[in-house]
Peer 1: 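Take a look at the following structure, please.
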Amino acid sequence: MGENNPLFEIPAYLIVKGEKLKVKKWGVKGLLLEAPLEGEVEADLLVPFDNYYEVVIPDLKLRCTKTEEGTYCEFTDLDKEQDWIVKFIVREYLWRRIVAIPSEFMNYTQDEAVREELLAYTKGAQFKKKLKFLLIGLGVVAAAVILFFSPKVINGLMKSGNTLSVTYTDTGKKSQEQSPSQTEEAPAEGESAGKTAKTAPEPPRSSVKEEPVSKEETVRKGGSEGTERKAEAKEAVQEEPTPIILPPKYKLSQGEKVAAGGRPENASVQGKEASQAGLQGASLSTERDYYCVQVASGTNLRALERKAKKLQKAGLPYVRVEKIGHLYTLRVGFEEHFKDAERLKRRVNRVVRGGFVRDCAYRPQRWVFPKESR
């Protein structure tokens, strides 16, 4: 810790043996904890971002010692991938493309390319983890198969079992070799020498010609259950269902349908209009998250306000500029579904390019434009 090893307040957790520990500060060479740890430790570093997502850097090797500020753990033996993602997050934090909010203990991406890079790393790490478990499972299965079909096991089965093998002579005649358990029934060598096996005479075939029997006669004469079921199923299909006349049903009104838990007839139309309006007029909650379109971010508030006014004139919903940390962010809309947010993004990009879909929270206290919407 010092000038050569700066630490930054980037919200993160250290997962040690299933226990989640908060990280006070961390950098490219190590991290600082409040929890006591000593010696060599292997753990995962979890970095949350954009409310829903998290980057997990697995299998980090740390050397932890106690200091006056807490427990300092130094990264040891980082591989190329671990070293790259640690430096990437710290670099984007210093360039303000990742904004850390310690009060919320959350990181927010301010650039679409950074967000996509973090998501790609997360998906790749999950795939590698699944592949690792799959390879371990295949190895266990392969070991079990090799053990089961080893030569010793096969020889033991051959010796203990009563086997009967059939061989063919050059003349095409069959000779049988019996197992030791059947030696009592085998004929003597003198009697069997030079003799050929006699074939059993076939039973005489009946000279009476069998006439084909119809399906109905088969059923009447006590055919199998399968034949009876097939005949019954065929008859049931051929019969026309008798119409059932029901009494006239009382027709519920629109209000009664809603009260009974049903949907009104024009529910799909109303839902579509509400979705296109970006939940305009609906009550937004601060306790949940939505999808929105982030257009731009930076420190120049006036430039963002000019873009926001263009978007307002185009009739786009919930155009606002939020102050998050040291940056101002221009965002549009609050959508419940990702597909609706994608449609909104296409509308936004026709007016101002560069918008991308992300998850966002309803925080009117952060709005600096328009002021009357706060």
Side-chain angles (χ1 to χ4, degrees), residues 6-12 25 27 47-53 55 87-120 277-280 284 286 289-335 338 340-374:
L7 302 179
F8 309 99
E9 292 186 13
I10 306 174
K25 298 178 181 180
V47 184
F49 69 98
D50 293 348
N51 292 329
Y52 289 113
Y53 308 105
V55 173
K87 290 180 179 178
F88 177 79
I89 294 174
V90 173
R91 183 191 67 194
E92 298 304 320
Y93 168 80
L94 293 175
W95 286 356
R96 302 297 182 187
R97 291 195 287 215
I98 293 179
V99 176
I101 311 296
S103 59
E104 298 181 13
F105 211 77
M106 183 59 61
N107 302 288
Y108 294 97
T109 58
Q110 303 298 311
D111 186 82
E112 185 177 8
V114 174
R115 185 171 184 268
E116 294 299 327
E117 197 72 45
L118 294 177
L119 290 174
L279 299 175
Q280 286 282 19
L284 298 174
T286 58
D289 294 304
Y290 303 91
Y291 291 105
C292 69
V293 179
Q294 182 163 312
V295 182
S297 60
T299 56
N300 191 343
L301 177 59
R302 291 184 180 180
L304 294 177
E305 286 181 351
R306 286 195 294 269
K307 292 182 180 180
K309 290 177 182 178
K310 289 182 181 179
L311 295 169
Q312 280 184 336
K313 289 180 181 179
L316 293 165
Y318 283 104
V319 179
R320 74 243 180 225
V321 177
E322 301 182 26
K323 185 177 181 182
I324 304 176
H326 304 288
L327 295 179
Y328 296 100
T329 302
L330 173 57
R331 294 175 178 175
V332 180
F334 289 102
E335 299 290 348
F338 184 80
D340 297 331
E342 281 287 331
R343 285 193 286 268
L344 180 61
K345 183 187 76 171
R346 289 193 287 270
R347 293 176 56 195
V348 169
N349 286 337
R350 291 173 192 157
V351 183
V352 179
R353 294 184 179 180
F356 64 95
V357 176
R358 60 159 299 153
D359 52 288
C360 54
Y362 177 63
R363 299 285 187 270
Q365 66 273 15
R366 299 192 308 205
W367 298 6
V368 295
F369 177 87
K371 294 181 180 180
E372 60 271 13
S373 298
R374 294 182 64 184

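In what follows, residues are counted from 1 in the order of the sequence shown. Just so it is clear, the structure is predicted and the values come from calculations on it, not from any experiment.
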Peer 1: Show me the donor-acceptor pairs, under 3.5 Å and distance only, between side chains in residues 98-107 and residues at least two apart or in other chains.
Peer 2:
residue, atom, partner, partner atom, Å
Glu104, OE1, Tyr108, OH, 2.5
Asn107, ND2, Pro11, O, 3.0
Asn107, ND2, Pro48, O, 2.8

Peer 1: Are any of the side-chain heavy atoms of Leu330 and Phe369 separated by less than 4.5 Å?
Peer 2: no
Peer 1: Output all residues satisfying side chain to side chain contact (heavy atoms under 4.5 Å, CB included) with Thr329, sequence neighbours left out; order by chain, then residue number.
Peer 2: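 With sequence neighbours excluded, Thr329 shows a side chain to side chain contact (heavy atoms under 4.5 Å, CB included) to Gln110, Gln294, Ser297, Ile324, Arg331, given in chain and number order.
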Peer 1: Going by the rule ring pair (Phe, Tyr, Trp, His ring centres under 6.0 Å), which residues pair with Tyr328 if we only count those two or more places apart in sequence or in a different chain?
Peer 2: none
Peer 1: Can you check whether Val55 reaches Phe49 side chain to side chain, under 4.5 Å on heavy atoms?
Peer 2: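 Val55 reaches Phe49 side chain to side chain.
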Peer 1: Go through the structure and list residues passing side chain to side chain contact (heavy atoms under 4.5 Å, CB included) with Arg96, not counting sequence neighbours.
Peer 2: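 In terms of side chain to side chain contact (heavy atoms under 4.5 Å, CB included), with neighbours along the sequence ignored, Arg96 is linked to His326, Leu327.
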Peer 1: Where is the tightest heavy-atom contact between Glu335 and Asp340, given as atom of each residue plus distance?
Peer 2: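 Glu335 and Asp340 have their closest heavy atoms at OE1-CB, 3.5 Å.
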Peer 1: Applying salt bridge (Lys or Arg N to Asp or Glu O under 4.0 Å), name anything that partners Arg97, two or more places apart in sequence or on another chain.
Peer 2: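 Once residues adjacent in sequence are excluded, the partners of Arg97 under the salt bridge (Lys or Arg N to Asp or Glu O under 4.0 Å) criterion are Glu92.
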Peer 1: At what distance, to the nearest 0.5 angstrom, does CZ of Phe334 lie from CG of Leu344?
Peer 2: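 So the gap between those two atoms works out to 11.5 Å.
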Peer 1: For Tyr93, what residues pass the ring pair (Phe, Tyr, Trp, His ring centres under 6.0 Å) criterion, not counting sequence neighbours?
Peer 2: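 Listed in chain order: Phe8.
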Peer 1: Could you pull out the closest heavy-atom pair between Val332 and Arg320, with the gap in Å?
Peer 2: C-NH1, 3.5 Å
Peer 1: I'd like to check the salt bridge (Lys or Arg N to Asp or Glu O under 4.0 Å) partners of Asp289; sequence neighbours left out, ordered by chain and number.
Peer 2: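 Scan of Asp289 (salt bridge (Lys or Arg N to Asp or Glu O under 4.0 Å), adjacent residues dropped) gives none.
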Peer 1: Step by step, work out the side-chain contact (heavy atoms from CB on, under 4.5 Å) result for Glu322 and Cys292.
Peer 2: CA-CA 13 Å; Glu322 301 182 26; Cys292 69; over 6 Å; no
Peer 1: Who are the side-chain hydrogen bond (donor to acceptor under 3.5 Å, both in side chains) partners of Asp111, not counting sequence neighbours?
Peer 2: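 Scan of Asp111 (side-chain hydrogen bond (donor to acceptor under 3.5 Å, both in side chains), adjacent residues dropped) gives none.
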Peer 1: How many angstroms lie between atom CG of Leu94 and atom NZ of Lys87, to the nearest 0.5 angstrom?
Peer 2: 13.0 Å
Peer 1: May I ask you to check if Arg358 and Tyr53 form a cation-pi contact, with NZ or CZ under 6.0 angstrom from the six-membered ring centre and within 45° of the axis?
Peer 2: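 No.
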Peer 1: List the residues meeting ring pair (Phe, Tyr, Trp, His ring centres under 6.0 Å) with Tyr52, not counting sequence neighbours, and say none if there are none.
Peer 2: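 Applying ring pair (Phe, Tyr, Trp, His ring centres under 6.0 Å) to Tyr52 gives none.
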Peer 1: Among all residues two or more places apart in sequence or in another chain, which pass the salt bridge (Lys or Arg N to Asp or Glu O under 4.0 Å) test with Glu342?
Peer 2: Lys345
Peer 1: Give the table of side-chain donor-acceptor pairs shorter than 3.5 Å for residues 301-311, with sequence neighbours excluded, one pair per line with atom names and distance.
Peer 2:
none

Peer 1: Below 4.5 Å, heavy atoms only, C-beta onward: do Tyr318 and Leu284 meet side chain to side chain?
Peer 2: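 With C-beta onward as the side chain, the pair touches.
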